There are 2 protein chains.
Amino acid sequence: MPAKRPNLGANGILEQMERDLAAIRRAQRRPIEEEMVRGGLTVPQTAVMQIAFQRDGISLKDLSREASLAHSTVSGIVDRLEAQGLVERRVDPADGRVSRIHATAVVARFVRDKIPELRRGPLGRALEKASPAERKKIAWALGRLRTLLEDVQSGA
Amino acid sequence: MPAKRPNLGANGILEQMERDLAAIRRAQRRPIEEEMVRGGLTVPQTAVMQIAFQRDGISLKDLSREASLAHSTVSGIVDRLEAQGLVERRVDPADGRVSRIHATAVVARFVRDKIPELRRGPLGRALEKASPAERKKIAWALGRLRTLLEDVQSGA
DNA sequence: ATACGATACGTCGTATACGACCTATCGTCG
DNA sequence: CGACGATAGGTCGTATACGACGTATCGTAT
């Protein structure tokens, strides 16, 4: 049963939202981390790999933008994926600055077979328990919150 | 202007939500990280300090539960706070296993003066731009999503 | 052609964040 | 009272995650 949610002041709502976001983050991270032991992949690695597969030859800059991560973070993730032979870095012949990320042949099968089931991970399972109306409301709220945050970020 | 949000299939909604959550995390983390350079504190450190202040003498276990973080994570954060003299560890006289976290005198002023303004950080500023109705909807959605995730977690 | 600002990326230092493991302490059962 | 499972927390190894900085390359202006 859910915890009590009394009427909160503006400050209380803020703190409650922060707590909820933290809890969401943790719950989302944990269950697939268990899978990692079996599959050898973490959540961010899976996400990066899927993007690299869908947009083969994507630059690291675009990849980091897609994943909402700093380029230095993605660089490290690609390092580890490369070490496992799941991804390749190739310098762009037309522009020596950009290194294009390519999914190796092994990945195609992996993405098609494993990812869908991983994708239907904690978030997917959680949403299955919600009604379509709830799903819509939650999806809207996340999109809206993201927009609000990004507007503040860019000084709007 | 916000990105297009076409009608998405069930899978598309999932991926969109994951992207939104990632972007929210990043946006929420970044701006206060800038403050860190000035104040010397990170977001998690601030959160932990506030909990330790509000519930003086809290055990590390309870503290980690409040913060939705693993106890090993909180232990490291407390290490750094302790090194800055903002927090103290004292072994519980009644139970030698638990180490109780106390905010030092310096912190009281800090929490009262600095935290409110930090709290009104990215999330607070973002929410100011939203209507009360939107705020309610977003708050509800986060709470609901959290509950759904935690129910799945506990096998409900 | 050369200088030079802009761009893309790699690297580094530090702070999360986690699970696995170890150790010390507690309660309880015999 | 001594054994022993349970509990709290510290430690370790690894993977994010970031900004700052360095380096190589590109475009452009001179």
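Numbers restart at 1 for each chain; the letters A, B, ... are given by sequence-line order, proteins then strands. Remember, it's a predicted structure, so these values are computed and weren't measured experimentally.
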Between A/His71 (NE2) and C/dC12 (P), how many Å, whole number?
13 Å
Among B/Ile77, B/Leu69, B/Ile58, the one residue meeting side chain to side chain contact (heavy atoms under 4.5 Å, CB included) with B/Leu63:
B/Ile58
Check the pair A/Trp140, B/Glu134 against side-chain contact (heavy atoms from CB on, under 4.5 Å), reporting the backbone distance first and the verdict last.
CA-CA 10 Å; A/Trp140 173 88; B/Glu134 282 182 330; 3.9 Å; yes
Could you state the CG-C1' distance from A/Asp62 to C/dC9, rounded to the nearest angstrom?
13 Å
Taking the side chain as everything from C-beta on, heavy atoms only, tell me whether B/Ile138 gets closer than 4.5 Å to A/Leu148.
yes
Return whichever of A/Ile58 or B/Gly76 has its heavy-atom-nearest nucleotide of DNA chain C closer to the 5' end.
A/Ile58
Take the protein atom CD1 of A/Ile77 and the nucleotide atom P of C/dG10, then report the distance between them rounded to whole Å.
13 Å
Of the listed nucleotides (C/dC9, C/dA24, C/dT11), which one gets closest to any side-chain atom of A/Asp79?
C/dT11
Below 4.0 angstrom from OP1 or OP2 of D/dA15, is there any side-chain N or O of A/Thr42?
no
Between atom CG in A/Leu41 and atom P in C/dC18, what is the gap in whole Å?
20 Å
Counting the atoms with a prime plus P, OP1 and OP2 as sugar-phosphate, which does B/Ser99 contact under 4.0 Å by heavy atoms, base, sugar-phosphate, or nothing?
sugar-phosphate
Could you state whether B/Ile51 and B/Val78 fall into the same hydrophobic cluster, counting links through intermediate Ile, Leu, Val, Met, Phe, Trp or Tyr residues with side-chain heavy atoms under 4.5 angstrom apart?
yes
Measure CZ/A/Arg26 against C1'/C/dG19 and give the value in whole Å, please.
10 Å
Length of the line joining B/Leu63:CG and C/dT16:P, which is rounded to integer Å:
13 Å
Check ion pair B/Glu66-A/Arg19 (N to O, under 4.0 angstrom):
no
Output the single nucleotide from D/dT16, D/dG9, C/dC26 whose closest atom is nearest the side chain of B/Asp95.
C/dC26
B/Ser72 vs C/dG19: side-chain N/O to OP1/OP2 distance below 4.0 Å
no
In whole angstrom, give the distance that lies between atom NZ of B/Lys61 and atom P of C/dC26.
17 Å
Looking across every strand, which nucleic acid part, if any, lies under 4.0 Å from A/Arg25 by heavy atom: base, sugar-phosphate, or nothing?
sugar-phosphate
5'-most contact on DNA chain D: A/Arg97 or A/Ala70, nearest heavy atom basis?
A/Ala70
Winner on side-chain proximity to A/Arg80, out of D/dT16, C/dA20, D/dG19, is D/dT16
Please answer: with hydrophobic residues joined when any side-chain heavy atoms are less than 4.5 Å apart, are A/Val98 and A/Val74 in the same cluster?
no
Between A/Thr73 and A/Gly96, whichever has its closest DNA chain D nucleotide further toward 5' is A/Thr73
Look at all strands and tell whether A/Arg89 reaches a base, only sugar-phosphate, or nothing, counting heavy atoms closer than 4.0 Å.
sugar-phosphate
Is any side-chain nitrogen or oxygen of A/Arg29 closer than 4.0 Å to OP1 or OP2 of C/dC18?
no
Tell me: CG of A/Leu81 to P of C/dG10, nearest whole Å?
13 Å
Donor-acceptor pair present, A/Ser75 side chain and C/dG10 base, under 3.5 Å:
no
Below 4.0 angstrom from OP1 or OP2 of D/dA15, is there any side-chain N or O of A/Gln45?
no
Of C/dT16, D/dA20, D/dA8, the nucleotide closest to the side chain of B/Pro44 is C/dT16
